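From a predicted model like this one, the values you see are computed outputs, not experimental measurements. Values below: every heavy atom of this structure, side chains too, minus hydrogens, waters and symmetry copies.
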Amino acid sequence: MALPTSVAARTLLTITGVEVPIPDPDCLVHLQFRRFAGCPVCNLHLRSIVARHAEITAANVREVIVFHSHADELRKYTDDLPLDVIADPDRVLYREFGVESAPRALLDPRGWPAIARAVAHDLRAALRGDRPAPPSRPDGGSLGLPADFLIAPGGRVMASKHGSHVYDQWSVDELLALVPAEQLR
């Protein structure tokens, strides 16, 4: 499958009903494909995004996060995120962007430290009653691989990464290094 080098204009609807233009005419879009609602590893990564959200916004980047879960399920886990969260339970966007599911998502040893940290953090949070426990049978399964796309205002895909295991995605530093100097505010 050929990966997109440009993205046709469209409007996505967040789980809170906000319309998100892709591409965004005013900023870069970091389109992230994550796994399922309540995914501990996804939560670990998104906490790093939220912790540095002001830096990302200052670099004129809009965060758009896609999950292969239904909106009702996502709302249980993402209400506190200052990010645009998109439900794609039928994986329409996943197919368009070539985002896969594979056993290597969980079987690759490079992802195991993140899995252990994430599960321990989310288990503590669930036991304290701070957030619901991850689902035992997640929407769309648990073998999804992450992917990242940086999309320019005109729709050109400036950079992309398809993860080879569950925690193989851009860090905030890697994302910010991809932002052209002229794009910075």
Side-chain angles (χ1 to χ4, degrees), residues 1-10 12 14 20-24 27-50 52-53 56 59 61-69 74 77-78 81 83-119 134 138-180 183:
M1 169 184 213
L3 298 178
T5 57
S6 65
V7 176
R10 84 245 355 248
L12 301 178
T14 70
V20 177
I22 306 288
D24 189 311
C27 62
L28 298 173
V29 171
H30 177 205
L31 184 64
Q32 296 188 45
F33 288 85
R34 300 293 141 223
R35 294 161 18 101
F36 55 88
C39 166
V41 176
C42 301
N43 292 339
L44 179 67
H45 175 65
L46 292 177
R47 283 193 303 273
S48 73
I49 298 291
V50 169
R52 296 182 63 190
H53 192 245
I56 295 167
V61 176
R62 182 176 195 166
E63 290 290 344
V64 180
I65 320 300
V66 181
F67 285 90
H68 59 70
S69 295
L74 277 167
Y77 300 97
T78 61
L81 296 180
L83 313 169
D84 293 315
V85 177
I86 309 295
D88 186 18
D90 297 324
R91 295 183 188 233
V92 173
L93 292 169
Y94 285 78
R95 284 190 298 280
E96 179 181 343
F97 285 84
V99 182
E100 302 175 346
S101 291
R104 72 179 186 272
L106 299 177
L107 297 177
D108 189 315
R110 293 174 292 175
W112 295 351
I115 293 170
R117 282 192 322 273
V119 168
D139 285 349
S142 59
L143 300 179
L145 290 162
D148 295 272
F149 295 84
L150 188 60
I151 303 168
R156 181 174 61 90
V157 176
M158 299 172 60
S160 65
K161 177 176 184 161
H162 283 75
S164 60
H165 60 79
V166 68
Y167 202 64
D168 185 21
Q169 68 267 315
W170 290 334
S171 67
V172 173
D173 288 333
E174 290 169 321
L175 169 66
L176 294 175
L178 293 169
V179 176
Q183 187 69 33

How about [X] and [Y]: do any of their side-chain heavy atoms sit closer than 4.5 Å?
{"X": "Arg91", "Y": "Glu96", "result": "no"}
{"X": "Val29", "Y": "Leu150", "result": "no"}
{"X": "Asp168", "Y": "Lys161", "result": "yes"}
{"X": "Arg34", "Y": "Val66", "result": "no"}
{"X": "Met158", "Y": "Leu28", "result": "yes"}

Closer than 3.5 angstrom, by distance alone: can the side chain of [X] be matched with the main-chain N or O of [Y] as a donor-acceptor pair?
{"X": "Ser69", "Y": "Ala37", "value": "yes"}
{"X": "Arg52", "Y": "Val50", "value": "no"}
{"X": "His162", "Y": "Phe97", "value": "yes"}

From [atom1] ([X]) to [atom2] ([Y]), nearest 0.5 Å:
{"X": "Asn43", "Y": "Tyr77", "atom1": "CG", "atom2": "OH", "result": "9.0 Å"}
{"X": "Leu93", "Y": "Leu31", "atom1": "CG", "atom2": "CG", "result": "7.0 Å"}
{"X": "Ile22", "Y": "Asp24", "atom1": "CD1", "atom2": "CG", "result": "7.0 Å"}
{"X": "Cys39", "Y": "His68", "atom1": "SG", "atom2": "NE2", "result": "8.0 Å"}

task = Could you pull out all residues at least two apart from Asp84 that satisfy side-chain hydrogen bond (donor to acceptor under 3.5 Å, both in side chains)?
result =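 Residues passing side-chain hydrogen bond (donor to acceptor under 3.5 Å, both in side chains) with Asp84: Arg62.
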
If you compare all heavy atoms of [X] against all heavy atoms of [Y], which two are closest, and at what distance to 0.1 Å?
{"X": "Leu81", "Y": "Val85", "result": "CD1-CG2, 4.4 Å"}
{"X": "Ser48", "Y": "Val172", "result": "O-CG2, 3.6 Å"}
{"X": "Val166", "Y": "Pro146", "result": "O-CG, 3.7 Å"}
{"X": "Ala9", "Y": "Pro23", "result": "CA-CD, 3.8 Å"}

task = For Leu175 and Asp148, run side chain to side chain contact (heavy atoms under 4.5 Å, CB included): C-alpha distance rounded to whole Å, both residues' side-chain angles, the deciding distance at 0.1 Å, then the answer.
result = CA-CA 9 Å; Leu175 169 66; Asp148 295 272; over 6 Å; no

request  = Run the numbers on Glu100 and Arg95 for salt bridge (Lys or Arg N to Asp or Glu O under 4.0 Å), then give the verdict.
outcome  = CA-CA 8 Å; Glu100 302 175 346; Arg95 284 190 298 280; over 6 Å; no

Any residue meeting salt bridge (Lys or Arg N to Asp or Glu O under 4.0 Å) with Arg47, in chain and number order, not counting sequence neighbours =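 Salt bridge (Lys or Arg N to Asp or Glu O under 4.0 Å) list for Arg47, sorted by chain: Asp122.
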
inquiry  = Could you tell me if Gln32 and Gln169 have a donor-acceptor pair between their side chains, going purely by distance under 3.5 Å?
reply    =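 Their side chains do not contain a donor-acceptor pair, so the 3.5 Å distance test is not met.
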
ask   = Hey, which of Ile65, Val64, Ile56 is the one that makes side-chain contact (heavy atoms from CB on, under 4.5 Å) with Leu83?
value =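 Passing option: Ile65.
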
key: Derivation and outcome, ring-ring contact (aromatic ring centres under 6.0 Å, His included), residues Phe36 and Phe67   = CA-CA 6 Å; Phe36 55 88; Phe67 285 90; 8.4 Å; no

key: Non-neighbouring partners of His30 that pass ring-ring contact (aromatic ring centres under 6.0 Å, His included), sequence neighbours left out   =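 His30 satisfies ring-ring contact (aromatic ring centres under 6.0 Å, His included) with Trp170 once adjacent residues are dropped.
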
inquiry  = Ring-plane angle category for Phe149 and Phe33, please: parallel below 30°, perpendicular beyond 60°, tilted otherwise.
reply    =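 Perpendicular, since the angle between the ring planes exceeds 60°.
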
message = Does Val61 form a side chain to side chain contact (heavy atoms under 4.5 Å, CB included) with Val179? I'd like the steps, not just the answer.
response = CA-CA 8 Å; Val61 176; Val179 176; 3.7 Å; yes

